[in-house]
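Numbering starts at 1 and runs along the sequence shown.
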Amino acid sequence: MIVVDSNVVAYLYLPGDNTAKAEALLERDPDWAVPVLWRSEFRNILAGYLRRKTLTFAQACGLQSEAEDLLAGSEFEVDSKAVLALVRDSDCSAYDCEFVALARKLQVKLVTMDAKLLKAFPKHAESLAAG
């Protein structure tokens with residue numbers, strides 16, 4: 001099991017430079033965990049594609065549904081105190097710290113491409129590029 005951030009989920013579903021890495025990660029470790037927050041973050045990513053008219057509404061809804069199916073049963077609540085402690089000890093947003101808090105709770109790695117998270121939490125985060 002690994003924790004993935006919302007961008008890794010997006011790389012899997014939205015073709016780009018990191019799609020092959022996300023696909024390889026899913027093949028290597030298909031047990032992905034996420035905080036419940038991922039849904040809102042992924043919807044926000046899709047919103048950008050909608051506004052740029054690179055996805056239709058139907059496509060965006062379909063991708064959200066596919067991602068929710070992939071992560072069904074793998075969504076977790078995180079402790080607010082744990083998140084705020086990570087915020088206190090870093091320059092990372094509370095949103096990003098939710099993923100770190102979950103990785104710590106589950107005692108697994110967070111896979112991300114977020115340079116700030118990778119720098120602030122090297123014991124808990126590893127780069128998608130490293131895989």
Side-chain angles (χ1 to χ4, degrees):
M1 175 184 286
I2 54 173
V3 172
V4 296
D5 71 11
S6 301
N7 286 319
V8 172
V9 176
Y11 299 146
L12 185 66
Y13 288 101
L14 299 162
D17 294 343
N18 294 309
T19 299
K21 292 177 185 131
E23 290 171 343
L25 178 65
L26 184 63
E27 190 171 311
R28 198 169 53 252
D29 192 339
D31 193 5
W32 288 10
V34 289
V36 175
L37 167 74
W38 85 271
R39 288 176 179 244
S40 293
E41 289 194 337
F42 190 65
R43 283 190 291 262
N44 197 51
I45 292 166
L46 293 173
Y49 281 77
L50 278 170
R51 289 191 180 111
R52 289 188 300 277
K53 302 196 184 314
T54 52
L55 283 178
T56 66
F57 177 75
Q59 289 170 321
C61 290
L63 291 173
Q64 183 72 35
S65 181
E66 282 184 49
E68 288 176 6
D69 287 347
L70 174 73
L71 297 168
S74 299
E75 299 169 280
F76 297 87
E77 294 288 337
V78 293
D79 179 69
S80 294
K81 187 174 180 180
V83 172
L84 291 171
L86 293 166
V87 169
R88 177 195 62 210
D89 298 337
S90 73
D91 289 330
C92 298
S93 72
Y95 303 114
D96 288 342
C97 287
E98 286 203 25
F99 293 89
V100 178
L102 180 58
R104 289 175 65 169
K105 175 182 174 178
L106 299 175
Q107 298 179 357
V108 299
K109 288 286 187 180
L110 162 63
V111 179
T112 182
M113 289 289 282
D114 187 305
K116 193 181 271 192
L117 280 173
L118 291 166
K119 183 177 179 187
F121 302 105
K123 291 182 181 175
H124 302 288
E126 65 183 39
S127 175
L128 175 63

Ignoring hydrogens and angles, write down the donor-acceptor pairs under 3.5 Å from the side chains of residues 47-57, residues two or more places apart or on other chains.
| unit_1 | atom_1 | unit_2 | atom_2 | d |
| --- | --- | --- | --- | --- |
| Arg52 | NH1 | Gly48 | O | 3.3 |
| Thr54 | OG1 | Tyr49 | O | 3.2 |
| Thr56 | OG1 | Gln59 | N | 3.0 |
| Thr56 | OG1 | Gln59 | OE1 | 3.3 |

- Task: Enumerate the residue pairs fulfilling side chain to side chain donor-acceptor pair (under 3.5 Å) with a member in residues 105-117, sequence neighbours excluded, ordered by first and then second residue.
- Result: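 Applying side chain to side chain donor-acceptor pair (under 3.5 Å) to every pair that reaches into residues 105-117, excluding sequence neighbours, yields Asp5-Thr112.
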Less than 3.5 Å apart, which donor and acceptor atoms pair up between the side chains of residues 81-90 and the rest of the protein, not counting sequence neighbours?
| unit_1 | atom_1 | unit_2 | atom_2 | d |
| --- | --- | --- | --- | --- |
| Ser90 | OG | Leu86 | O | 2.8 |
| Ser90 | OG | Cys92 | N | 3.1 |

| Nearest heavy-atom neighbours spanning Glu126 and Leu118 |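 Scanning both residues completely, I find the closest heavy atoms to be C-CD2, 3.3 Å.
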Please round to the nearest 0.5 Å and tell me the distance separating atom [atom1] of [X] and atom [atom2] of [Y].
X: Ser6; Y: Arg43; atom1: OG; atom2: CZ; answer: 10.5 Å
X: Leu106; Y: Asp31; atom1: CG; atom2: CG; answer: 9.5 Å
X: Lys119; Y: Leu117; atom1: NZ; atom2: CG; answer: 12.5 Å
X: Leu63; Y: Phe42; atom1: CG; atom2: CZ; answer: 5.5 Å

ask   = By side chain to side chain contact (heavy atoms under 4.5 Å, CB included), which residues pair with Leu25, not counting sequence neighbours?
value =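 By the side chain to side chain contact (heavy atoms under 4.5 Å, CB included) rule, Leu25 matches Ile2, Val4, Val8, Arg28, Trp32, Val111, Leu128.
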Within-4.5 Å side-chain heavy-atom neighbours: [X] and [Y]:
X: Asn7; Y: Met113; value: no
X: Ser40; Y: Tyr95; value: no
X: Leu12; Y: Glu23; value: yes
X: Phe99; Y: Val78; value: no
X: Glu75; Y: Pro35; value: no

Are Met1 and Leu37 connected in the hydrophobic side-chain network, where two residues link if heavy atoms are under 4.5 Å apart?
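Yes, Met1 connects to Leu37 through the hydrophobic network.
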Under the ring pair (Phe, Tyr, Trp, His ring centres under 6.0 Å) rule, collect the residues that match up with Phe121, sequence neighbours excluded.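 For Phe121, no residue satisfies ring pair (Phe, Tyr, Trp, His ring centres under 6.0 Å) once neighbours in sequence are set aside.
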Side-chain donor-acceptor pairs under 3.5 Å in residues 64-72, sequence neighbours left out?
| unit_1 | atom_1 | unit_2 | atom_2 | d |
| --- | --- | --- | --- | --- |
| Gln64 | NE2 | Glu68 | OE2 | 2.9 |
| Glu68 | OE1 | Arg39 | NH1 | 3.3 |
| Glu68 | OE2 | Arg39 | NH1 | 3.2 |

